[in-house]
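Reading through the C-alpha cells given below for one structure.
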There are 2 protein chains.
Amino acid sequence: MPKLVADDIASLLRKRISSGEWQDAGRMPPERDLAVEFGVARNTVRRAVGFLEEDGTVVRHVGRGTFLATSNPSSMAAVVSRMEGTSPADMMEIRQLLEPAAASFAATNASASELNAVIEAHRIACEASDMPTFEHWDAEFHHRIFACSRNDFLKEIHNLMRILRNQAPWFEMKKRSFSEERRAIYCTEHQLVLDALMRRDPEGASRAMLAHLRTVERNLLGR
Amino acid sequence: MPKLVADDIASLLRKRISSGEWQDAGRMPPERDLAVEFGVARNTVRRAVGFLEEDGTVVRHVGRGTFLATSNPSSMAAVVSRMEGTSPADMMEIRQLLEPAAASFAATNASASELNAVIEAHRIACEASDMPTFEHWDAEFHHRIFACSRNDFLKEIHNLMRILRNQAPWFEMKKRSFSEERRAIYCTEHQLVLDALMRRDPEGASRAMLAHLRTVERNLLGR
DNA sequence: CTGGTCTGATCCAATGGTGAGCCAATACTA
DNA sequence: TAGTATTGGCTCACCATTGGATCAGACCAG
C-alpha cells in the first residue's frame, strides 16, 4: 500500500466534498481530527487543505474552521473543473478552429530557431519506434507550433487543451486508435504543415493543419 | 532466456507505460523497486529510465520519484495564473478566431429560447443608460451566443476570457474607450449579428461578429 | 587480451512527512 | 464581561525515501 502524501489526502478530501459529505453548514472537521482520521501528521493535512484553498475550493478562518467555498460558477477554479469534463468531440472542434490559425501565425512569425525546434520534434516523432514516444513528440510538434505564434494567450489555451488531453479518458482513446499505419499518415501530414511553415506560407500552413486535424478527428472519433 | 540489458528494460517499461499501468498519479515505482522486480541491478534500471527521460517520456525528481511526462508538467493552476497576464491585443486576436465561429454554430444550433435570451440581452444593453449596465449586458450578449454553440468547451473558454476581461487593467481600458457614440455603434453591430442568427445564416453571423470585433479592437487598442 | 556491460556497494542531496510546540483569532461559557 | 477551549497559522529539528553519481569487480563476446 502506498503511503499517503499530501496530494493523496487532497484528492481524498475532494472526493468527500463532491460526494456532499459535509454539505450541511459547509464546515469541514478541524485539521487535527482529519490528521488522526487519515493517520498522517497535521502538517500533511495542512498542506493538503492548502491545495484546496489555493484553487478556491475551500476557505479557512483561524478559530472558526475550514469551510467549503460558496461555489461561484464564474470563478476560475469552477471553470477549470468544468473543463475537465470536456468531450473529445468538443475539443477537436476547437482544435480545428485554433490550430490552423496558430499554424498561420507561425508561418508569418516564427524565428529560425523556433522553426528548428518544430523540425526537431517532427523528426523525433517520425523516428519513434513505440507509441508513447511518438505520442509525446507528436504533442510536442503541435505545441512548438503554438510557441511560434507570438500570442501568449493562444499558447496557454493550447497548454490547457494539452493537459486535458492527457487525462484518463483520452489516454484510452488514443491507445485504441493508434496504429503503425496511422502514425505514418500523421508523419506525412506533419511534413506538409512543416513545408508550408518553411515556405512562409500562412494560407498553406493553415490548410495543411486543418487537413491533419480532420484526419485525427476521424481516427479518434471513428467517423 | 537471454539476460536483460538496459535497452530491454527500457522497452519493457515503455510497454507498461503505454498499457496505462501507472497512469494514476503518473508515478512510477522507485528505481530500487524496479531493480528487484526485473531482477537486475539498480544501475541498469537507471540507464533504462535514463533513455525514457532522454526522449521525454518521463521526468525524474530527486526525493520524489519518476513521473510520466504526460501527466501535466505544468498544472492547470499554473496555466491559469499565466493567463492572468494576457494582453488585450492577444485576447482580441483570439476572440476574432473564436467568436465568429461561435456565432456561426449558434446560427445553426440555437433553440428558440436560447435565441430569445440573446435578444433580451441585446435589448437591455441597448436601453442601458450607464456604462456599467451596458458593459454587463454587452458581455452577457456575447456570452449567450456562446451558450447557443453547443460546444461546452468553447463556452468555458469564453468564461475564462470573460473573467480575464473583468480584471483591473481591462476595466480601465474599457472605461477609457467608452463613449455614447461607440455604444450606439455596438448596438447596431449586435443587431446585425442577431439578424443573421435569426435568419439562421451561419456565414452571415460569423461575418457580422467578426466585423463587430474589429470595431471593438480598434476602439480598445486605439488603432 | 580488450572493450563493453552488468553487479553490488557506497555516499550525496533533494524532497517531503513527522511530531512537537507556540501564537493569535474566534467561539463558547460561566 | 472575563476566562477558557477550539482552531487555523507558523516554525523547527528530525528522519525516511528517492534519484544522482561513482567505483571496483565480474562476465562475456570478439
Side-chain angles (χ1 to χ4, degrees), chain A residues 1-14 16-17 21-70 132, chain B residues 1-14 16-17 21-75 77-78:
Chain A
M1 187 183 71
K3 201 167 71 180
L4 291 180
V5 298
D7 280 321
D8 303 326
I9 307 275
S11 69
L12 285 177
L13 288 176
R14 273 186 225 280
R16 291 212 188 174
I17 290 171
E21 185 157 338
W22 22 69
Q23 198 61 19
D24 47 319
R27 182 178 174 174
M28 284 172 52
E31 297 173 350
R32 291 170 170 87
D33 291 4
L34 288 175
V36 174
E37 183 181 336
F38 289 118
V40 298
R42 187 180 152 224
N43 266 338
T44 308
V45 171
R46 275 191 61 67
R47 198 130 12 104
V49 177
F51 296 147
L52 301 196
E53 191 183 23
E54 264 177 44
D55 56 41
T57 310
V58 121
V59 189
R60 301 201 270 193
H61 296 288
V62 180
R64 293 182 57 206
T66 302
F67 300 83
L68 306 193
T70 51
Chain B
M1 188 180 78
K3 203 161 68 178
L4 294 179
V5 299
D7 281 323
D8 303 328
I9 308 276
S11 67
L12 283 177
L13 287 176
R14 276 188 224 280
R16 290 214 188 173
I17 290 171
E21 184 157 337
W22 21 70
Q23 193 59 19
D24 49 321
R27 183 178 175 174
M28 283 172 52
E31 296 174 350
R32 289 168 170 88
D33 291 6
L34 288 174
V36 173
E37 183 181 336
F38 289 119
V40 298
R42 187 180 155 226
N43 266 338
T44 310
V45 171
R46 275 191 60 66
R47 196 125 29 89
V49 178
F51 297 147
L52 301 197
E53 190 182 23
E54 265 175 44
D55 54 43
T57 310
V58 122
V59 186
R60 301 200 270 193
H61 296 288
V62 180
R64 292 181 58 205
T66 303
F67 300 81
L68 306 193
T70 52
S71 84
N72 48 355
S74 51
S75 74

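Chain letters run A, B, ... following the sequence lines, proteins first, then strands; residues in each count from 1.
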Return the polar atom pairs (N/O with N/O) between nucleotides 22-26 of chain D and the protein under 3.5 Å, or none.
from	atom 1	to	atom 2	distance (Å)
D:dT22	O4	B:N43	OD1	3.1
D:dT22	O4	B:N43	ND2	3.4

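- For the atom pair B:L52 CG and B:I17 CD1, the distance stands at 5.0 Å (nearest 0.5 Å).
- B:R32 is linked by a side-chain hydrogen bond (donor to acceptor under 3.5 Å, both in side chains) to nothing, counting only residues two or more places apart in sequence or in another chain.
- Qualifying side-chain hydrogen bond (donor to acceptor under 3.5 Å, both in side chains) partners for A:T57, counting only residues two or more places apart in sequence or in other chains: A:D55.
- Counting to the nearest Å, the C1' atom of D:dT6 and the CZ atom of A:R60 are 16 Å from each other.
- Atom-to-atom, CG of B:L34 to C1' of D:dG20 comes out at 16 Å; the value is rounded to the nearest Å.
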Where protein sits on nucleotides 22-30 of chain C, one letter per nucleotide: B base, S sugar-phosphate only, - none, heavy atoms under 4.0 Å:
B-BBBS---

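- Residue B:R47 contributes atom CZ, which lies 7 Å from atom C1' of C:dC6 at whole-angstrom precision.
- For D:dT7, the OP1/OP2 oxygens have no side-chain nitrogen or oxygen of A:T66 closer than 4.0 Å.
- Under the side chain to side chain contact (heavy atoms under 4.5 Å, CB included) criterion, B:P29 pairs with B:W22, B:D33, B:L34, sequence neighbours left out.
- Qualifying side-chain hydrogen bond (donor to acceptor under 3.5 Å, both in side chains) partners for A:R16, counting only residues two or more places apart in sequence or in other chains: A:E37.
- Across the protein-nucleic acid pair, A:I9 atom CD1 and C:dT18 atom C1' stand 13 Å apart, rounded to whole Å.
- Rounded to an integer number of Å, the gap from CG of B:D33 to C1' of D:dT18 is 10 Å.
- Residue A:V49 is classed as having no contact, given no heavy-atom separation below 4.0 Å to the nucleic acid.
- In this structure A:N43 satisfies the side chain to side chain contact (heavy atoms under 4.5 Å, CB included) test with no other residue, sequence neighbours excluded.
- The interatomic distance linking B:R27 (CZ) with C:dG16 (C1') rounds to 10 Å, in whole Å.
- Applying the 4.0 Å criterion to OP1 and OP2 of C:dT5, one finds that B:T44 has every side-chain N and O outside that range.
- Nearer the 5' end of DNA chain D, as judged by each residue's closest nucleotide, is the contact made by A:E31, out of B:E53 and A:E31.
- Applying the side chain to side chain contact (heavy atoms under 4.5 Å, CB included) test to A:V36 and every residue at least two apart in sequence or in another chain returns nothing.
- Between A:T44 and A:V5, the shortest heavy-atom contact is CG2-C, 4.3 Å.
- Residues forming a salt bridge (charged side-chain N to carboxylate O under 4.0 Å, His left out) with B:R42 (at least two apart in sequence, or on another chain): B:E31.
- Along DNA chain C, the nucleotide nearest A:V45 and the nucleotide nearest B:D7 are compared for position; the residue whose nucleotide lies closer to the 5' end is B:D7.
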